[in-house]
Each structure stands twice: as C-alpha cells, then as structure tokens.
Amino acid sequence: MSSLQLTVLGSGTSMGVPTLGCHCAVCESGDKRDKRTRPSVLLAYAGRNVVIDTTPDFRFQALRARMDRLDAVLYTHSHADHILGLDDIRPFNLKLNRAVPVYGASETLAILRKQFSYIFDGEPVESTLPQVEMHAIDGPFELFGAKIVPVPALHGPQPVLGFRFGAAAYLTDFLRVPDASKALLEGLDDFVLDALRYRPHPMHSNVEQSLALVAELKPKRAWFTHICHDLGHAETNAKLPENVRLAYDGLQFEVQL
Ligand SMILES: [Zn+2]
Ligand SMILES: [Zn+2]
Ligand SMILES: [Zn+2]
C-alpha cells in the first residue's frame, strides 16, 4: 500500500500567532509550537509535492520544510490567508520549467483571476509571472496516482472545500459540515480540522464544535488547526481528549493512501 507524508506548514489563523501588536501569554510564549504561520499543509508522495493553499507565509514555509519542488496546489477557498503566497511559486516554475496545476472550486478560481489579474491579463511584462494551469474541481479526481476527494463545507455563508486523501482529511475554515460531506469523512486515521478558539465565531468551528464533530466521525486521531492566540499549545492539549491534539507548524505524519 502506498502512503504520503503530510507536513503541517502552518497551523495559525489568518493573523498568525504571534499576532502583530499583541503581548498576551501565547503571543509571548517561548514554546515553538505557539509560533503559528498561516494555515497550509504539504502532501509529499510519489516524488511530488502538493500544497493545500498558498498562504502569505508560503515562501518561508517552503524554505523551512526544505521544499525543492512544487507539483500542484489545491485551494480550499479564496480568503487572503489562503491565497496570497501564489506569486512565490515562481522559482518552482523556473526550476521545473513548467506551469503548476492549480485546483479549486470555480468560484475560487474566479477570485484568483481577479486578485492576481496581472497573471492572467495577457499584458506583456518584463518580469517573471507565476505560471499556473487552472483546474475547476467538480468531484473526486486523481492527482499523481492518489485519489483526492473534495469535501464541501460551509465557512459561515461561504462554501469551502476540504480534501480527503486515503486515510486522512484536511478541513480548514468551516463552521458547518453537511451530512453528505460527513459521509466522506468516515473511517479516517487522521483528521486535521479547524478549531479557532473556545469562543464561538460566525465563520469558524470552535473547540467545542470541533470536539463534537470528532466524537461523531470518530477518526483515530484529530488535529486542530487555524488556531488563534486564545489557545496555548501545552495548556490546551492538557485539556483535550487523548486522541485530539493541537496541530503545530512542522507536525508530520504518514497517511495510507
Ligand atoms: Zn483562513
Ligand atoms: Zn496574543
Ligand atoms: Zn477563510
């Protein structure tokens, strides 16, 4: 059976932790696991690197993870903390001498075309542009021999996609998961999911809501991500059930495909 290596490139919420201008105990913490860049994961398999989202920290994350190539990007949705690193794929275009395939819901691709109009407007430029090949997701698809299953959810009123690959799934930026999507999340070994903070939020699942979803779906292990500075790593972990942990930048595990 083949497998992939999942690396959490970033486990933080949109503002990152430490948060600019904040001096709370978590932002000032000396624990490396309290340093959270914006949310993204790397899937490495079959000699390829696939990232889910390109955050404003993408360049730093790729350097830190010693990523030497980029073969595809899967987008969850078009919020700034998930897309703004797109321009930084250029060195990988040059190194591999090809466009990077980009997968997302058609609404997400439309916003990428707008936010990064300079990539798509066909105007002549003297500088390097990111080269992308856009693929609208309309159901499960195969990517370098792995089956990628999109998992639609709701981020407040906005649709968002999670992704299942083999025995793991990544679902960030959601508040509600429709029943049809819950069926796609059965029998997981590892479930990486949004849990912003303890207090409720109009667009994000909180610790209590994510624990309820974990209890319902029963993955072997769950990892909370998109975490804000309300949750200190060690003190929060001490209160969570044994099979639920906060993700942290650099967390790695193997996933059966
Ligand atoms: Zn986000
Ligand atoms: Zn803080
Ligand atoms: Zn979002």
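Order of listing sets the numbers, starting from 1, for every ligand and every atom in it. All values below come from the heavy atoms of this structure, side chains included, with hydrogens, waters and symmetry mates left out.
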Rounded to the nearest 10°, what angle sits at the Zn ion (ligand 3) between NE2 of H155 and ND1 of H79?
90°
Does one side chain, of T225 or Y170, offer a donor that lies under 3.5 Å from an acceptor on the other?
no
Of all N/O/S atoms in H226, the name of the one nearest the Zn ion (ligand 1):
NE2
Metal-centred angle, the Zn ion (ligand 2) as apex - SG of C24, SG of C27, 10° resolution:
110°
In D173, the N, O or S atom nearest to the Zn ion (ligand 1) is which?
OD2
Got a sec, which residues hit ring-ring contact (aromatic ring centres under 6.0 Å, His included) with Y248, two or more places apart in sequence or on another chain?
H233
Check all N, O or S atoms of D81 and name the one closest to the Zn ion (ligand 1).
OD2
Hey, is D71 close enough to R69 for a salt bridge, meaning N to O under 4.0 Å?
yes
side-chain hydrogen bond (donor to acceptor under 3.5 Å, both in side chains) contacts touching residues 102-119 (sequence neighbours left out)
D87-Y118
Examine H82 and say whether one of its N/O/S atoms is closer to the Zn ion (ligand 3) than 2.8 Å.
no
What is the name of the N/O/S atom in H229 that sits closest to the Zn ion (ligand 2)?
ND1
Is the distance from the Zn ion (ligand 2) to some N, O or S atom of H23 under 2.8 Å?
no
Would you mind checking if R33 and D249 are paired as a salt bridge, meaning a charged N to carboxylate O distance below 4.0 Å?
no
Under a 4.0 Å threshold between the charged nitrogen and the carboxylate oxygen, would D34 count as salt-bridged to R36?
yes
